[in-house]
Amino acid sequence: MDDLIADFVAECREMLEALGGEIVAWEAQPDDRARLDSIFRFVHTVKGNCGFFEFPRLEALSHAAEDALADVRAGRRHADAPLVSAVLGIIDRIGEMVAAIDAGEEMPPGDDSALIHALEPGAEGAAPAATPAAEGPGRTASAPRTIRLSVELLDRVMSTVSDMVLARNELARRLRESQSDVPVDGAFERLSSIIAEMRDAITRTRMQRIENLFVGLPRMVRDLSAELGKQVLIDIEGGDVELDREMIEMIRDPLTHIIRNAVDHGIEKPAERLHAKKREIGILAVAARQSGNQILIDIHDDGRGIDGKKLVEKAIAAGIVDKAAAAQLSPREQLALIFEAGLSTAKEVTSISGRGVGMDVVRSNIERIGGIVEVDSKLGEGTRMTLRVPLTLTIIPALTLSVGDHHFAIPRSAIVEIVRANGESVKLEHLGNAGVATIRGRRVPEVSLARLLGLESGIDPKDRTLVVIRPAGGDVYALSVDRIHDHEELVVKPAAPAVMATGLYAGTTLADDGSPILLFDPAGLAEVGGIKLEIQERAARIAEGPAAAVAKATAVLLFRGIDGGRRAIRLAVVDRIEELPVAAVTEAAGQLRVQVGDAILPLAGVTKGDLTADKVRLFRLNDGQHEIGYAFREVIDFAAIDNDVIHAESPAEISGVSLINGEPAELIDAHWLFAHHVGPAARLNADLVCRLPSDDLWMQNMLRPLIEAAGYRVVDESHEGAADLVIAAQGAQLPEDAAAKTIWLRADPEASGKKDPSIYRYDRAGLLVALKSAGGGAGK
Amino acid sequence: MNELLLVVTIAGTRVALPASAVESVVELDTLIPVPRAASHVAGLSALRSRVLTVIDCMRSLELGETDCSDGIREAAVVELDGHHYALIVDFVEDVVEALSEPAPVRATMGAGWDRASHGMIETEGGPLLLIDVGALIAGAEAKAAA
């Protein structure tokens with residue numbers, strides 16, 4: 001009997017879940033026969049089973065609903081809003097009762113007669129004209145062949161398969177050690193491939209369509225909007241994207257929260273919307289898609305948007321940022337303030353959301369599973385939230401590293417970069433007991449892994465390697481380790497409580513050689529290592545955000561060229577510094593080139609005859625697509641250009657001269673370098689006040705000097721007045737700005753067609769012509 | 001059917017572990033230390049591609065430290081809350097049948113033993129102390145923190 005009840009409960013649950021969306025759709029289209037049928041089928045099933053199990057209340061409820069729906073099916077009644085609400089009420093009550101039966105509890109108290117009464121035609125006011133339900137397009141969905149499995153069983157299978165993979169690795173190692181014969185190896189290979197296939201299949205069984213998460217949304221949005229007196233249409237896309245089951249559970253709450261916020265604070269009341277010349281009905285679009293090993297979930301509403309300025313005011317009032325720091329925030333950083341604890345922009349606290357807890361919790365929940373949340377909003381036009389989460393939790397790409405004889409692993413997702421402690425652009429200093437690394441001018445607190453763990457390090461602190469880490473929800477720090485070993489995909493398992501209690505580890509796993517290895521928790525390391533969270537570092541947390549608002553002084557690297565000249569190059573275009581044997585420099589295809597690792601880069605700043613030493617040092621410059629090398633003798637210092645720049649007469653490697661640290665230094669024109677060395681000469685254009693996207697680093701670092709040299713003042717999107725000229729990457733979205741000419745830049749030297757007005761970004765002559773003509777036009 | 005007990009020696013003292021809790025008896029060869037973990041966690045080891053958390057019973061009982069320098073150690077493998085532990089013992093003796101329920105020991109045994117035992121249990125070979133595996137794994141520091 002208990003088994004039968006369990007089956008009944010499971011069946012009801014399944015149907016209830018599937019029904020959530022159907023009912024709302026039915027309300028929107030009451031004459032959709034197929035939907036009506038599936039709802040009818042549900043109450044009918046419940047009624048039938050209740051009689052058998054003796055649940056009289058359930059039976060009475062389902063019976064009443066069945067009768068009412070049968071009338072609609074027969075065309076005796078019209079499905080209107082009161083009826084739909086009444087049916088919904090009954091289905092909810094059935095859900096509560098089923099949950100109680102499942103938990104073995106008493107039925108929830110309450111009288112059902114009001115619910116049943118609400119179904120009666122008298123409750124719907126004037127007698128509606130009965131329209132017979134139209135025959136639906138005969139959707140007889142054939143049930144897929146499935147069986148029900150307990151999740152624990154699946155987890156056990158998954159964990160056994162993981163063990164099997166590890167056992168195979170161990171066997172592989174033993175086989176390598178012993179002299180085995182070919183047949184054994186062959187058999188092992190076959191076993192290996194079968195295991196790999198099985199692991200794939202079993203990983204997929206853990207995957208669920210994200211639909212499971214989305215199916216409840218229409219109902220939730222309907223109820224919310226009804227409660228708030230709003231009209232919201234939800235549009236769901238990408239329900240067939242698959243995601244690890246555990247991951248789906250982890251994003252359920254954050255997603256719910258974001259949607260509640262969107263309906264509550266984002267979308268306006270119908271009257272307000274009409275006033276703002278929008279459609280009465282707000283649109284909430286939820287879309288999921290897979291991108292590499294990440295899943296992106298977009299939640300977009302067309303509501304009132306987020307007021308960045310108000311947020312800043314609130315943040316200042318709440319003491320989250322100080323006034324000076326707040327003034328420096330870019331629009332994107334302003335929006336990101338909503339993720340700070342204790343901020344809510346709603347004027348009133350409502351029952352739905354707006355208690356000031358929430359978005360910070362959303363962010364920390366998403367970051368805990370290795371994901372990120374981004375927000376983008378236009379005041380008056382809407383808000384877009386994007387969740388990016390990894391596909392699965394169980395297999396983590398990691399980097400193995402060591403201190404002394406001890407090996408550890410660290411999740412690769414947290415690693416920003418790896419530099420040598422004694423590298424050219426890195427300085428490691430000790431203040432008291434604390435270490436501070438200066439990496440390309442940026443100060444980063446250092447944690448010595450050896451000291452943190454109380455281990456003997458095998459090598460001198462100067463020769464260690466710094467792993468720059470950005471933990472979820474934390475700030476960047478540098479972990480100094482003895483050695484970096486390998487990238488591995490690790491099957492991570494939780495470690496014993498006694499090990500987890502240290503706060504340092506995220507789990508354990510077995511390395512390829514069969515020995516256990518501990519996986520670090522990057523945030524835990526920072527915490528135990530005593531790294532203090534710095535609120536001003538907020539900018540660093542914004543994914544792909546612009547580097548700190550364009551500073552007044554431009555940071556440059558001051559150096560001495562091969563010919564002894566004192567020069568400066570913008571810090572941002574320097575990727576890193578390399579020291580290579582002179583033999584790596586060759587003259588090929590008409591210019592000097594240097595081999596760095598597997599890459600051959602054009603080499604600037606030198607002619608063949610100048611290279612007299614054994615080694616050559618060079619900057620690796622990067623414009624985001626291409627790299628070139630620039631040879632130099634020595635780095636003098638980091639500096640900032642705060643004096644006027646005297647621009648050069650004609651375009652060349654040197655764009656101008658400025659006083660830096662009291663002495664003149666030549667400024668390297670990175671744009672010219674790339675234009676000259678990477679491809680055909682560039683073509684571009686500009687104007688008197690010229691607006692450049694602040695988040696396009698190429699434009700800010702390469703193009704800007706050129707535009708400024710042509711006599712333009714460069715501003716970004718936050719500039720209030722009209723610009724004479726706008727420069728944008730081809731395909732970028734631009735706000736309407738009728739006064740301005742727009743120059744489109746393309747990355748491809750070839751135009752896509754005769755009508756393509758864009759200019760290749762290294763077409764220097766074209767750029768200058770366009771800059772000039774735009775200037776002339778504005779002059780009239 | 002009375003409960004079966006695994007008789008082992010810890011710090012020179014014969015004690016009993018509930019045999020139902022013990023999955024196997026192994027010889028540990030590799031030991032990977034866990035820096036910053038509680039002192040009674042001797043490290044990690046691998047058994048048939050599973051990770052074992054190795055517990056130094058002497059430390060857990062506040063009786064000193066097991067000398068692991070000579071390499072191979074005998075250990076009893078137990079599972080607690082889904083994690084596998086290896087309890088380092090001097091050696092494993094035998095399996096015997098329990099002849100009584102555990103009874104309190106009315107003498108002072110020392111803080112470690114008091115904390116990590118269920119009491120005295122009768123066997124054919126005389127009374128033995130029945131070890132509380134959970135308390136042994138939790139160690140002295142967890143108790144102090146609680």
Side-chain angles (χ1 to χ4, degrees), chain A residues 152 155-156 159-174 195 402-409 449-456 490-505 507-520 524-525 528-529, chain B residues 21 23-24 26 28-57 59-61 68-69 71 75-88 115-116 133-146:
Chain A
E152 290 90 68
D155 282 350
R156 227 170 74 206
S159 112
T160 319
V161 170
S162 300
D163 285 348
M164 199 156 77
V165 171
L166 295 170
R168 182 210 50 196
N169 291 352
E170 193 183 345
L171 184 59
R173 184 171 50 92
R174 297 262 149 104
I195 290 176
S402 67
V403 168
D405 300 333
H406 302 270
H407 284 66
F408 301 95
L449 191 57
R451 201 170 53 225
L452 179 63
L453 301 180
L455 298 175
E456 283 292 313
L490 299 175
V491 180
V492 176
K493 302 195 168 175
V499 175
M500 297 303 261
T502 58
L504 289 173
Y505 308 109
T508 61
T509 186
L510 290 180
D512 277 352
D513 65 357
S515 61
I517 188 162
L518 284 156
L519 182 79
F520 282 127
L525 280 179
V528 178
Chain B
E23 284 188 358
S24 55
V26 295
L28 301 173
D29 44 9
T30 55
L31 197 57
I32 308 286
V34 182
R36 306 266 305 207
S39 62
H40 70 280
V41 176
L44 301 178
S45 194
L47 170 69
R48 289 197 298 274
S49 70
R50 273 188 323 207
V51 176
L52 298 177
T53 307
V54 183
I55 303 290
D56 181 344
C57 293
R59 280 218 173 213
S60 174
L61 295 168
C68 296
S69 56
V77 177
V78 300
E79 188 186 334
L80 184 73
D81 298 332
H83 297 287
H84 292 88
Y85 297 88
L87 310 175
I88 300 184
R115 179 171 42 76
V133 173
L136 198 62
I137 289 169
E141 286 155 43
K143 176 82 176 176

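No hydrogens, no waters, no symmetry mates; every other heavy atom, side chains included, goes into these values. Just so we're clear, the structure is a prediction, and the values are computed from it rather than from any experiment. Note on naming: letters A, B, ... go to the chains in the order of the sequence lines (proteins, then strands), and numbering restarts at 1 for each one.
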Could you give the distance from CG (A:L518) to CG (B:L44), rounded to the nearest 0.5 Å? 5.0 Å

Is B:V34 in contact with chain A via its backbone, its side chain, both, or neither, using a 4.5 Å heavy-atom distance? both

Output for pair (A:T502 OG1, B:R36 CZ), nearest 0.5 Å, gives 8.5 Å

To check you understand the geometry: which heavy-atom pair defines the closest contact between B:A46 and A:P516, and what is its length? N-CG, 3.8 Å

Given A:T509 and B:V51, is the side chain to side chain contact (heavy atoms under 4.5 Å, CB included) satisfied, shown in steps? CA-CA 7 Å; A:T509 186; B:V51 176; over 6 Å; no

Counting heavy-atom pairs under 4.5 angstrom with chain B, the leader among A:A501, A:G454, A:A495 is A:A495

Identify the residue among A:L452, A:V403, A:L449, A:L455 that makes a side chain to side chain contact (heavy atoms under 4.5 Å, CB included) with B:P35. A:L455

Rounded to the nearest 0.5 angstrom, the CG-CD1 distance for A:D405 and B:I32 is 10.0 Å

Could you tell me which portion of A:A496 (side chain, backbone, both or neither) has an atom closer than 4.5 angstrom to a non-hydrogen atom of chain B? both

